[in-house]
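This is a predicted model, so every value here is computed, not measured. Each chain gets a letter, A, B and so on, in the order the sequences are listed, and its residues count up from 1.
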Amino acid sequence: MIPNPLRDPRDRRLPRVPEPCALVVFGITGDLARKKLLPAVYDLANRGLLPTNFALLGFARRDWGDTEFAELARDAARQNARTPWREEVWERLAASVHFVQGSFDDDNAFDELAGALAELEGSHGIGGNAAFYLSIPPAMFPVVLKQMQRTGMAESTPGRWRRVVVEKPFGEDLASSRELNELVDSVFTADDVFRIDHYLGKETVQNLMALRFANTLFEPIWNGHNVESVQITMAEDVGIGGRAGFYEKTGAARDVLQNHLLQLLALTAMEEPVEFSAEEIRTEKLKVLRAVSLPEDLATFAVRGQYQPGWLAGQRAKGYREEDGVDPDSTTETYAAVRLGVETRRWAGVPFYLRTGKRLPRRVTEIALVFKRAPHLPFADTDTEELGNNQLVVRVQPDEGVTLKFGSKVPGSVMEVRDVSMDFLYGEQFTESSPEAYERLLLDVLLGDATLFPRNAEVEASWAVIDPLEEFWAGTKPHPYRAGEWGPRAADEMLAAEGRRWRRP
Amino acid sequence: MTTLWDTTGSAVVKELAAQRRTGGAVLSGVALTVVVVADESRVTEAEEAATHAAEMHPCRVLIVVRRQIDAPAPRLDAEVQIGGRLGPGEAVVMRMYGRLALHAESVVLPLLAADAPVVTWWHEAAPDRLATDALGVLADRRITDSSLAADPLAALSTRAEDYAPGDSDLAWTRSTAWRTALASTLDSVSGRRGDAVRILGGAIQGDPGNATARLLSGWLSSRSGCRIDVTAGPQHPGPSGVAAVELELDQDERVEIRADRRGGAVISQPNRPDATVALPERPLGDLLSEELRRLDPDEPYSEALEAATGVHDIHDRPAVREFVWLDPATSSARRETPAPTVPGDSEDADEVALAGSPDDTDRPTGQDGATA
């Protein structure tokens with residue numbers, strides 16, 4: 001960063017604002033772009049976090065002009081923006097919104113795009129900097145990337161940066177993700193590739209690092225001597241929505257376990273990074289991911305399920321096989337639970353139970369550390385009958401915060417100890433000001449801060465964990481569970497086999 | 001909500017505890033206490049701002065309104081709110097009459113959240129010496145607003161004379177948007193050059209009598225090392241007192257930011273087309289939340305204040321103030337105006353005057369009311 005006489009590290013009122021740049025979105029008419037990206041761009045503009053010289057370029061197949069596109073972008077931003085709507089902010093932004101029409105295999109369209117970008121350099125003063133957001137199906141990546149290579153759009157030079165943002169899934173197994181990584185890294189340099197895992201943009205995930213490494217209280221007990229097991233849950237109450245085509249090929253393990261859950265595991269289990277920088281944090285996460293081990297007895301400790309018709313939140317819910325576009329004999333899983341180990345001195349012997357599923361009773365994501373019971377209790381057995389294990393729960397969403405569960409005496413004349421919980425509600429108090437994950441991540445891309453983005457080695461290490469599972473599951477049928485219950489019986493038996501049970505989040 | 005008429009500090013503490021127990025959605029993680037000292041005429045404004053700030057930061061809001069210091073009998077009225085009109089947290093609005101107003105800390109101290117920082121905000125003309133208000137002495141951070149004073153420039157000088165690390169002023173907060181725009185404009189110039197930029201001079205057009213404009217000038221001067229003054233321009237500035245800022249850079253270049261009075265500003269810089277940025281006038285609550293975001297001393301402010309007022313070496317002062325007893329009834333400022341008529345039996349009704357309080361042992365008892 002070039003020194004600026006008006007910037008002072010002590011002056012933390014001044015926000016970090018990216019250099020002049022353009023954001024090019026491929027697949028701008030898609031769901032993600034409309035629901036997340038455009039509102040995030042507006043929110044950034046409204047908070048004054050976009051550079052003074054900024055342009056937004058949309059690329060899609062639809063035959064549109066700038067005005068039609070501006071209209072769509074406006075509606076999308078207005079409907080989903082987090083911050084209050086201010087027409088004057090949008091008007092200013094709309095002046096720098098452009099649309100390029102074309103299909104991804106159309107050379108002319110890409111030449112036009114490259115031309116539009118070069119033109120913006122002059123007219124909007126973006127200085128040649130651009131970030132490309134690939135909000136498109138992964139199958140299209142090679143075509144688009146090759147087009148960018150052909151037109152020279154992807155080259156970073158000392159005078160300008162070019163970055164690319166890739167959405168998950170990053171491949172569908174180790175081999176394909178390697179292929180994809182090689183392709184992306186050959187077109188862009190590895191440092192310019194940003195893989196978005198929006199979970200890592202959530203405040204609580206960042207707060208997990210503050211909780212662990214800024215305090216003295218938790219780190220001494222954050223290990224296998226004190227922790228008996230770890231449960232990481234990501235539950236959704238929704239079904240697959242309109243994404244049958246995508247989901248049929250993917251399934252819960254590839255969709256969620258491979259990225260979100262393993263990233264949360266890595267952040268929970270990693271050692272302290274040497275410093276709070278992108279490179280050091282990624283290094284520590286990678287060490288954990290490489291140390292992840294699968295259980296020998298996969299039949300017991302890797303369970304997958306599929307939701308059947310049922311009742312959820314007072315409404316009748318369809319079964320997975322009855323969803324539109326799903327094969328009536330589909331064996332795609334909508335629930336996955338697995339017991340992993342982390343083979344390090346800190347965690348050896350501590351099981352990490354990961355589970356994710358759709359059509360579970362409520363939407364919740366949390367990390368729960370279950371502590372060992374006290375080695376000796378000086379109370380009578382009857383006094384502590386209701387005392388469970390101490391727990392430290394990091395709630396990622398909703399109600400972002402931390403819960404500590406411990407035993408306390410029940411008021412009265414007899415000694416009776418029962419579990420109580422102490423809550424820190426991060427969400428309740430800060431939600432108004434805490435930015436959407438996409439908002440934060442988009443800003444980080446434009447600033448070039450890669451702290452919250454996994455790098456290719458992490459993605460590959462994660463696939464190395466998932467591949468054997470998929471191999472084992474291939475040809476088997478998922479366990480059925482009713483929509484609206486906490487997963488299949490087999491998942492409960494998986495924990496019961498070791499004398500444990502799932503926490504009800 | 002509960003209103004307690006003619007009550008005591010202990011009753012307020014009890015009521016707050018009772019409401020926390022029964023209040024349902026109880027906010028558990030109070031991270032700081034905000035004490036708002038407001039004039040009766042500005043209470044609604046202060047309440048709104050504090051509510052907005054409390055939505056961003058988990059805090060307990062204590063609003064202190066001092067009324068009728070010359071009232072014969074001290075009296076406390078309090079309104080206890082949890083999760084109601086005054087935001088998601090706990091809030092207490094206290095109106096203090098008579099001599100109690102001079103001992104507001106006796107009510108406030110037991111209401112502070114345990115071991116959490118305290119921020120005191122005067123939404124009225126702040127005392128010349130903050131040390132004379134016990135509510136300022138107990139705070140870790142003190143927020144004043146020079147723009148509320150009759151003479152904002154004199155108020156700025158007073159703030160500089162009285163400065164201690166941890167002081168801040170909303171006139172300074174109002175300059176953040178301008179400062180952000182200026183800093184990112186220079187970023188963009190140096191980004192284009194690929195080399196650092198030096199500021200050789202410049203000028204601010206606006207209202208020379210505005211505290212924010214003066215602080216912005218002080219900041220630019222302290223960062224660039226050259227004098228950048230506020231001059232009255234042809235354009236009428238908005239509440240921030242700044243209409244335009246021009247900076248002369250090295251390599252014979254200059255940049256200019258000019259407010260367009262529609263919530264934006266136009267940035268002109270060499271080799272780039274003009275660009276517009278949002279530069280809205282921010283509501284009070286927004287300013288207050290910015291202040292609550294960080295609770296450590298604001299060195300750039302102290303440097304800007306130094307440069308704006310010419311008072312030197314202010315940041316070396318100790319951060320802790322010693323309370324100084326100042327009785328408005330006997331202070332020189334009030335002597336000039338005739339003393340109000342106080343009924344003869346006031347002495348018996350004023351418990352604090354009779355029993356004394358721990359903070360004013362140096363004050364001979366019985367002096368109260370002597371001026372009557």
Student: Against chain B, label A:R92 side chain, backbone, both or neither, depending on which of its atoms sit under 4.5 Å from a heavy atom there.
Tutor: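 Looking at A:R92, just its side chain touches chain B.
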
Student: Is there a side chain to side chain contact (heavy atoms under 4.5 Å, CB included) between A:R13 and B:T180 once you walk through the steps?
Tutor: CA-CA 8 Å; A:R13 289 172 192 260; B:T180 306; over 6 Å; no

Student: Do you know the tightest heavy-atom contact between B:V197 and A:P5?
Tutor: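 Heavy-atom minimum between the residues: O-CD, 3.4 Å.
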
Student: Would you call A:R12 and B:D296 a salt bridge, using N to O less than 4.0 angstrom?
Tutor: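 Looking at B:D296 together with A:R12, the answer is yes, because their closest N to O distance falls below 4.0 Å.
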
Student: Would you please test B:T185 and A:L6 for side chain to side chain contact (heavy atoms under 4.5 Å, CB included) and show each step?
Tutor: CA-CA 10 Å; B:T185 307; A:L6 296 183; over 6 Å; no

Student: Check this for me: A:R10, atom CZ, are more than 12 non-hydrogen atoms of other residues, nucleotides or ligands nearer than 6.0 Å?
Tutor: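 Atom CZ in A:R10 is crowded, with more than 12 foreign heavy atoms closer than 6.0 Å.
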
Student: What part of B:R179 is in contact with chain A, defined as an atom under 4.5 angstrom from a non-hydrogen atom: side chain, backbone, both or neither?
Tutor: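 Both the backbone and the side chain of B:R179 come within 4.5 Å of chain A.
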
Student: So for atom CD, which belongs to A:E155, do other residues, nucleotides or ligands contribute more than 12 heavy atoms lying within a distance under 6.0 Å?
Tutor: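 Counting other residues, nucleotides and ligands, CD of A:E155 stays at 12 neighbours or fewer.
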
Student: Is chain A contacted by the side chain of B:L186, its backbone, both, or neither, given a heavy-atom distance below 4.5 Å?
Tutor: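 Both parts, backbone and side chain.
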
Student: What part of B:S224 gets within 4.5 angstrom of chain A, counting heavy atoms only: side chain, backbone, both, or neither?
Tutor: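 Neither part.
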
Student: Listed by chain and number, what are the side chain to side chain donor-acceptor pair (under 3.5 Å) partners of B:W172, not counting sequence neighbours?
Tutor: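 Checked B:W172 against side chain to side chain donor-acceptor pair (under 3.5 Å); matches are B:D298.
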
Student: Measure B:S289 against the heavy atoms of chain A and call it side chain, backbone, both or neither at under 4.5 Å.
Tutor: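 Nothing of B:S289, per the 4.5 Å heavy-atom cut-off to chain A.
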
Student: Counting only heavy atoms not in B:D316, do more than 12 sit closer than 6.0 Å to its CG atom?
Tutor: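 Yes, because the 6.0 Å sphere around CG of B:D316 holds more than 12 heavy atoms from other groups.
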
Student: For atom CD of A:E119, is the number of surrounding heavy atoms from other residues, nucleotides or ligands below 6.0 Å larger than 12?
Tutor: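 Counting neighbours around CD of A:E119, 12 or fewer heavy atoms of other residues, nucleotides or ligands fall under 6.0 Å, so no.
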
Student: Which answer fits A:R160, side chain, backbone, both or neither, if we ask what part of it has an atom under 4.5 Å from a heavy atom of chain B?
Tutor: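 Interface part for A:R160: neither.
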
Student: Can you tell me which residue pairs pass the side chain to side chain donor-acceptor pair (under 3.5 Å) test with a partner in residues 401-411 of chain A, sequence neighbours excluded?
Tutor: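 Found A:R395-A:T403, A:T403-A:D423.
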
Student: Is a side-chain donor or acceptor of A:N4 paired with a backbone partner of B:A183 at a separation under 3.5 angstrom?
Tutor: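 A pair under 3.5 Å: yes.
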
